[in-house]
Amino acid sequence: MNNIIWKLLRQHISKGQLIGFAIANLIGLTIVLLAVQFYRDVRPVFSDEESFISKDYLIITRAVTGAGAMMGSNGEFSEADIADLEGQPWCRQVGRFLNSDFAIDAQLGVGSGHAMHTQFFFEAIPDEFIDIDPAQWGFSPDKPEVPVVISRDYLSLYNFGFAATHGMPKISEGQAEMLPLEFTLSGNGKRQVMPGRIVGFSNRLNTVIVPEEFMEWANQYFGSGEVQHPQRLILEVSSPGDVKIEQYMDEHHYEVAGDKMSSSKANYFLTVISGIVIAVGILISLLSFFVLMLSIYLLLQKNTQKIQDLLLLGYSPDQVSKHYILLVVGLNAAVLVLAIVLMLLGRLAYMDMIHAFGVSGASVWVAILVGLIIMGAITAGNIRAIRRKISSLWLHEK
């Protein structure tokens with residue numbers, strides 16, 4: 001009986017219109033999936049986030065000029081400068097770099113009886129800017145041990161500079177975290193030896209970071225007691241690539257440390273371009289949706305008499321609409337599968353270039369989920385429209 005009903009209803013189906021819908025929807029959906037996957041694959045190239053600094057941030061200083069240096073300018077930030085930064089719409093919070101106000105001598109054991117001595121320095125930033133296991137971070141005068149995060153540049157300087165010319169062994173990051181480290185702190189007529197421990201390495205922070213609570217205690221105990229104004233600030237911002245941030249820095253003669261602004265701008269433009277491509281793909285998919293709906297409405301209009309006759313014979317609207325729904329679901333499922341296949345083939349074409357940057361690529365499941373959501377929404381819209389149209393014919397007959 002179902003075959004007989006379908007033979008009656010499939011008359012007047014325009015294969016050309018259905019193929020046109022399928023091709024348009026396939027193109028739109030493939031563009032969306034490929035844009036989503038490309039964005040996820042490429043983003044790590046532009047977003048080199050530290051494992052222990054999880055948010056978008058910038059480190060800024062005042063630009064050092066020849067005239068300023070000759071006049072003894074120390075490049076400090078005033079409270080008014082900080083308040084102005086905090087009032088900017090793109091700035092979420094501002095953190096001050098706190099400098100050590102006492103003498104530090106560090107001794108690092110590198111094996112085979114070798115030890116490296118050097119004068120040292122510490123800086124601290126608020127703990128909310130650092131994402132480290134609390135068990136490894138923090139300080140207590142009762143159990144003095146100084147955890148530090150150092151720049152990877154310092155380790156490279158030792159391995160390829162100092163160690164290479166002095167016949168000392170090179171060390172990896174993992175080995176460095178296990179080496180004995182000792183700090184001698186002195187000042188204000190006091191002297192104390194404390195063990196240290198390296199808990200992380202940074203590409204962005206070209207300094208030695210210690211817990212803020214340790215720095216406050218040490219400055220009070222060993223320091224001069226003078227009030228310090230920060231010479232560097234760390235900013236958490238909404239989008240580091242925002243053009244307004246760069247304009248603000250130029251106007252106030254602030255410098256951004258490292259290449260964070262450049263990489264963030266590249267990431268920002270990648271996001272914008274990907275958004276535009278995804279929007280174009282969604283627009284094509286929506287247009288194809290309306291093409292299919294127009295085809296179905298024309299088909300239903302041509303079969304109005306047959307549908308009304310079936311309804312008068314006692315068939316329910318669900319029984320009649322089921323055949324059109326199966327047609328739409330099958331067509332959309334085929335489009336989704338083909339779009340995923342094309343996305344995977346397109347991904348293979350650019351992955352060699354991505355691998356050249358040392359990036360392995362992201363999972364494809366997010367892009368597939370996006371495709372399922374889009375096609376699910378389109379299919380749900382098709383089914384609802386078909387049921388409403390046939391129900392209206394049934395109510396008309398009643």
Side-chain angles (χ1 to χ4, degrees), residues 13-47 49 239 266-300 321-357 359-389:
I13 289 179
S14 174
K15 294 181 178 179
Q17 290 178 341
L18 294 179
I19 292 173
F21 153 77
I23 293 175
N25 203 7
L26 178 62
I27 293 173
L29 189 60
T30 302
I31 290 174
V32 173
L33 298 188
L34 197 56
V36 170
Q37 188 60 41
F38 181 78
Y39 175 78
R40 285 173 47 78
D41 287 333
V42 174
R43 188 176 181 184
V45 177
F46 302 98
S47 303
E49 297 293 338
S239 175
N267 190 19
Y268 178 77
F269 285 118
L270 173 67
T271 303
V272 171
I273 293 172
S274 298
I276 292 173
V277 173
I278 290 172
V280 170
I282 291 176
L283 178 62
I284 295 174
S285 294
L286 287 175
L287 291 175
S288 67
F289 165 79
F290 288 112
V291 169
L292 178 61
M293 289 313 307
L294 179 61
S295 300
I296 291 174
Y297 276 131
L298 289 174
L299 177 61
L300 293 174
S321 63
K322 178 179 69 175
H323 301 282
Y324 293 111
I325 290 173
L326 290 175
L327 172 65
V328 168
V329 170
L331 196 59
N332 287 344
V335 168
L336 175 61
V337 172
L338 287 175
I340 292 174
V341 171
L342 291 176
M343 180 269 290
L344 294 175
L345 292 175
R347 185 172 185 261
L348 288 176
Y350 68 72
M351 278 309 294
D352 287 340
M353 294 182 289
I354 302 300
H355 290 320
F357 290 96
V359 176
S360 60
S363 170
V364 299
W365 290 109
V366 172
I368 293 175
L369 179 61
V370 170
L372 287 170
I373 292 173
I374 292 175
M375 289 308 297
I378 290 176
T379 303
N382 295 148
I383 293 173
R384 183 182 179 189
I386 292 170
R387 285 177 171 170
R388 288 184 63 182
K389 180 64 177 178

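All of these numbers come straight from a predicted model, not from anything done at the bench. Count residues from 1 along the sequence.
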State the CD1-CG distance between I378 and N25, to the nearest 0.5 angstrom. 4.5 Å
Could you tell me which residues satisfy side-chain contact (heavy atoms from CB on, under 4.5 Å) with L344, sequence neighbours excluded, listed by chain and number? I340, V364
Please list all pairs passing the salt bridge (charged side-chain N to carboxylate O under 4.0 Å, His left out) test where one or both residues lie in residues 323-348, with sequence neighbours left out. D41-R347
To the nearest 0.5 Å, what is the distance between CG (L338) and CG (L26)? 5.5 Å
CG of L369 to CG of L33, rounded to nearest 0.5 Å, is 10.5 Å
Results of side-chain contact (heavy atoms from CB on, under 4.5 Å) for L326 - residues two or more places apart only: K322
Heavy atoms, side chains only, cut-off 4.5 Å: are Y350 and L34 in contact? yes
Where do M343 and V36 land on the side chain to side chain contact (heavy atoms under 4.5 Å, CB included) test, with the steps shown first? CA-CA 10 Å; M343 180 269 290; V36 170; over 6 Å; no
Residue pairs fulfilling side chain to side chain donor-acceptor pair (under 3.5 Å) with at least one residue in residues 333-346, sequence neighbours excluded: none
Nearest heavy atoms of A339 and L29, plus distance in Å: CB-CD2, 3.7 Å
So, using side-chain contact (heavy atoms from CB on, under 4.5 Å) as the criterion, who are the partners of A35 when residues are at least two apart? V277, I278
At their closest point, which heavy atom of A362 faces which heavy atom of Q37, and how far apart are they? O-NE2, 3.3 Å
By side-chain contact (heavy atoms from CB on, under 4.5 Å), I383 pairs with (sequence neighbours left out) I325, V329, T379, R387
